[in-house]
2 protein chains.
Amino acid sequence: MANRSVTSYDVAKAAGVSQSAVSRAFSPKASIAAKTRKHILNVAREMGYQPNAIARSMSAARNATHQRSGIVGVIVTRLQDPFFSETIALISRRLQAHGWQMLLFTVETEAEVDDALNSLMQFKIDGVMILSAILSDQMAQACKSQGIPVLLYNRDTDGLGVSSVQIENREGGKIAADFLCETSHERIAFIGGERDDATSKAREDGFADRLAEAGQSVFLREYGDYTFEGGVEAGLRLFSRHEKPDAVFCASDVMALGVLHAARHQLGLDAPKDFSLIGFDDIPSASWPGHALTTIRQPVRRMIQDAVELLIDRIEDTELDAVIRHFPGTLILRDTVRL
Amino acid sequence: MANRSVTSYDVAKAAGVSQSAVSRAFSPKASIAAKTRKHILNVAREMGYQPNAIARSMSAARNATHQRSGIVGVIVTRLQDPFFSETIALISRRLQAHGWQMLLFTVETEAEVDDALNSLMQFKIDGVMILSAILSDQMAQACKSQGIPVLLYNRDTDGLGVSSVQIENREGGKIAADFLCETSHERIAFIGGERDDATSKAREDGFADRLAEAGQSVFLREYGDYTFEGGVEAGLRLFSRHEKPDAVFCASDVMALGVLHAARHQLGLDAPKDFSLIGFDDIPSASWPGHALTTIRQPVRRMIQDAVELLIDRIEDTELDAVIRHFPGTLILRDTVRL
DNA sequence: ATCTTGAATGAATGCGCATTCAAAATGCAT
DNA sequence: ATGCATTTTGAATGCGCATTCATTCAAGAT
């Protein structure tokens with residue numbers, strides 16, 4: 001049943017030319033008469049022929065010219081998180097715009113990244129983007145020796161010699177701290193993602209440092225696992241204390257929304273009446289009228305655009321050096337903080 | 001710079017065996033002495049050798065045995081929609097659990113599906129899943145002739161002879177209608193996705209039919225483009241009328257949440273006090289305390305599980321017939337309807 | 001009409017692997 | 001030991017394509 005698919009030889013025979021001619025007809029810059037090309041393309045279309053991308057990349061393997069598979073690997077954690085799904089959607093779009101395909105690998109924990117990369121590498125991907133996770137020295141080395149450019153998105157490179165595009169997490173924490181100090185808050189709490197997650201920690205550190213500079217300290221710290229439910233729980237813990245915080249800074253919007261919903265519907269509190277709330281990311285639902293969450297926005301579009309371009313540039317010119325690019329977050333003032 | 005990667009020949013030489021032996025060492029069921037295999041695997045590991053999946057699938061191309069690339073294509077629209085991102089996350093997991101990789105293609109409109117599939121097919125994917133979109137007869141034919149199983153998720157197959165896993169959209173609409181009639185609502189409005197989207201239409205039709213059976217009719221119809229903002233706009237239009245609806249059924253939760261936020265914060269109305277509101281999908285944020293949206297739940301986990309298994313079964317046994325599987329939606333009663 | 005030049009073409013080759021086929025090695029029973 | 005059945009091994013092959021190399025062809029120059 002499953003027809004073996006049409007090959008360039010079949011088309012060649014049908015068109016009365018050689019296989020080389022067929023190949024050339026499908027190679028834009030090849031030397032072939034316009035008339036011949038047109039004829040071949042017609043025959044090919046009728047037969048439903050499509051060059052086999054796999055074979056194509058096999059064949060290309062020996063020319064230094066462009067041994068590309070046309071596939072970029074992307075490794076992501078927490079895809080169900082709105083921030084990441086938005087990110088992936090954008091990456092996908094931009095990659096496609098440049099003619100690349102995306103092989104997407106989801107992992108549960110950072111520890112799985114190495115394995116994921118290993119699987120991906122079997123496909124001889126042209127490059128790889130790793131979102132909010134880091135790879136081991138060893139894998140970084142392996143990628144380098146195979147000539148596969150790596151781009152870390154929202155994660156420090158730790159001297160791995162790979163490119164990176166990231167939001168300034170520490171600065172973001174500082175912005176939040178500055179704002180809360182200036183508006184005379186006194187019992188300022190923090191809710192992180194996971195206790196030892198690098199991103200969360202950087203936001204926490206920047207936040208705590210700036211608070212210290214203002215003569216304050218972090219009133220309470222909780223961790224909400226980067227989920228809505230985690231935010232709810234953390235919020236509940238925070239406000240169950242005798243002395244309640246008058247401000248909460250969350251390392252992600254999803255958790256901040258958890259705090260907001262928990263406060264309103266389980267604690268009978270509200271922001272900004274009873275406390276101020278600041279999130280991080282600026283996901284779409286942060287701006288919904290009922291939320292109006294004040295947050296630190298990541299310029300996602302520009303970051304993704306840069307990330308994709310940086311990666312592609314390195315794929316196309318392997319001599320290029322790794323680039324690290326930082327983007328500042330911006331405070332988006334909405335209704336969850338008292339002024 | 002870019003080291004040409006290690007091949008099975010390199011390993012063979014280093015291990016003092018033939019290339020065949022190396023290949024066999026990496027093929028679980030091949031006939032090779034345990035000792036030899038172990039030795040080869042050791043050498044390979046030291047050299048950082050990984051079989052090239054591309055070449056592997058090239059080579060396999062001639063044996064009927066298993067000409068697999070190990071890649072499943074997935075085509076999706078509106079990836080930023082929480083419902084789809086959750087779906088993709090689940091698909092990815094399940095595919096990986098079965099040892100498959102996912103080549104993800106995002107499209108803006110259904111019209112792009114054919115092109116997307118064409119791109120994907122160049123990679124000789126083993127199968128393809130298309131989410132909430134349909135493909136042309138022609139492409140369906142092309143897939144069949146190339147022996148690539150297709151699975152449509154949440155879309156009718158229209159006699160295309162491909163597999164499908166879908167929620168019962170008409171039934172879902174009926175459930176909503178039944179409930180609103182039984183609770184004596186009288187001015188029942190509907191908000192669809194796009195006016196001619198098949199899914200939206202099926203929900204609308206089931207809804208309208210059942211309303212008619214109960215001697216009612218759809219009070220007002222609006223369309224919200226499946227987005228939050230669209231829901232807001234549609235809600236605003238609905239409630240700007242002199243005679244306001246006392247119930248609204250939305251073809252998706254995201255739109256329903258738009259209506260809810262608009263009502264509360266721009267219209268000074270609330271559900272269920274001033275009107276009842278029912279969504280569709282049961283996305284995570286529908287259950288957030290501040291929303292507590294009554295909705296028609298899709299059993300996403302089971303649907304995805306079935307979808308992936310159905311597709312893989314057909315990949316592994318091409319003789320299998322296409323299967324169409326329907327899942328019922330369930331009314332999840334929360335706080336946005338008056339009883 | 002002849003020569004030169006560049007373009008167009010086809011035959012042959014190799015990318016990295018799995019598999020087939022035939023040869024060699026091993027195990028076992030006699 | 002000897003014979004036979006198995007298992008293990010290596011050489012050779014082809015998957016579908018792009019490319020190289022040598023050849024042919026067309027077109028302008030003299």
Side-chain angles (χ1 to χ4, degrees), chain A residues 2-40 44 47-70 121-124 146-147, chain B residues 2-40 44 47-70 121-124 146-147:
Chain A
N3 260 336
R4 187 240 256 61
S5 54
V6 191
T7 74
S8 56
Y9 279 97
D10 303 329
V11 175
K13 196 167 351 147
V17 295
S18 70
Q19 179 269 331
S20 324
V22 176
S23 171
R24 282 195 265 260
F26 282 88
S27 306
K29 75 268 169 195
S31 160
I32 183 174
K35 219 181 86 181
T36 314
R37 165 172 283 148
K38 205 177 132 202
H39 173 228
I40 294 177
M47 302 178 69
Y49 168 78
Q50 289 270 122
N52 178 331
I54 301 282
R56 188 180 274 224
S57 78
M58 274 282 331
S59 155
R62 62 169 151 147
N63 309 307
T65 32
H66 70 310
Q67 41 180 320
R68 313 262 182 71
S69 61
M121 277 174 48
Q122 301 198 180
F123 290 93
K124 302 299 161 188
Q146 305 233 353
Chain B
N3 259 336
R4 187 246 253 60
S5 56
V6 192
T7 75
S8 57
Y9 279 98
D10 303 329
V11 176
K13 195 168 349 151
V17 297
S18 70
Q19 179 269 330
S20 323
V22 177
S23 171
R24 283 194 265 263
F26 282 89
S27 306
K29 75 266 168 196
S31 160
I32 182 174
K35 218 181 86 183
T36 315
R37 164 173 282 147
K38 204 177 132 202
H39 172 228
I40 293 177
M47 302 178 69
Y49 169 78
Q50 290 270 123
N52 178 332
I54 300 282
R56 187 180 274 224
S57 76
M58 272 284 329
S59 152
R62 63 170 151 148
N63 310 305
T65 32
H66 71 312
Q67 40 180 322
R68 312 263 182 70
S69 61
M121 278 175 46
Q122 302 199 176
F123 289 93
K124 302 299 157 188
Q146 306 232 353

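Letters A, B, ... are given to chains in the order of the sequence lines, protein chains preceding strands, and every chain is numbered from 1. Quick note: numbers below take in every heavy atom, side chains included, and nothing from hydrogens, waters or symmetry partners.
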Check every atom of [options] against the side chain of [X] and return the nucleotide holding the closest atom.
{"X": "B:S59", "options": "C:dC15, C:dA18, C:dG10", "result": "C:dA18"}
{"X": "B:T36", "options": "C:dC17, D:dT8, D:dG10", "result": "D:dT8"}
{"X": "B:S23", "options": "D:dT9, C:dA12, C:dT19", "result": "C:dT19"}
{"X": "A:A55", "options": "C:dC17, D:dC17, C:dG10", "result": "D:dC17"}
{"X": "A:P51", "options": "C:dC17, D:dC17, D:dG16", "result": "D:dC17"}
{"X": "A:T7", "options": "D:dC15, D:dG16, D:dT8", "result": "D:dG16"}
{"X": "A:I32", "options": "C:dT9, D:dC17, D:dG16", "result": "C:dT9"}

- Would you call A:M121 and B:Q50 a side-chain contact if the rule is heavy atoms closer than 4.5 Å? no

- Message: When you compare the side chain of B:V22 with that of B:V17, does any pair of heavy atoms fall below 4.5 Å?
- Response: yes

- Query: If you fit an axis to the five pairs at each end of the helix from C:dA1-D:dT30 to C:dT30-D:dA1, how big is the angle between those two axes, to 10 degrees?
  - Reply: 30°

- Message: Under 4.0 Å, counting only non-hydrogen atoms across every strand here, what does B:Y9 touch: a base, just sugar-phosphate, or nothing?
- Response: base

- Task: Answer with base, sugar-phosphate or nothing: what part of the nucleic acid does B:V17 contact at a heavy-atom distance below 4.0 Å?
- Result: sugar-phosphate

- Just how far is it from atom CD of B:Q19 to atom CZ of B:R24, taken to the nearest 0.5 Å? 9.0 Å

- Query: Rounded to the nearest 0.5 Å, what separation is found between the NZ atom of A:K124 and the CD1 atom of A:I54?
  - Reply: 13.0 Å

- Item | Under 4.0 angstrom between A:S31 side-chain N/O and C:dA8 OP1 or OP2 | yes

- Polar side-chain contact A:S20-C:dA11 base: donor and acceptor under 3.5 Å: yes

- Note on the structure: Scanning both residues in full, the closest heavy-atom pair of B:A25 with B:I40 reads CB-CG2, 3.7 Å

- Message: Applying ring pair (Phe, Tyr, Trp, His ring centres under 6.0 Å) to B:F123 and A:F123, what does each step give before you reach the verdict?
- Response: CA-CA 11 Å; B:F123 289 93; A:F123 290 93; over 10 Å; no

- Query: For A:F26 and D:dT19, what is the distance between atoms CZ and P respectively, to the nearest whole Å?
  - Reply: 15 Å

- Pick the nucleotide of DNA chain C nearest each of B:A53 and B:R24; which residue has the one closer to the 5' end? B:A53

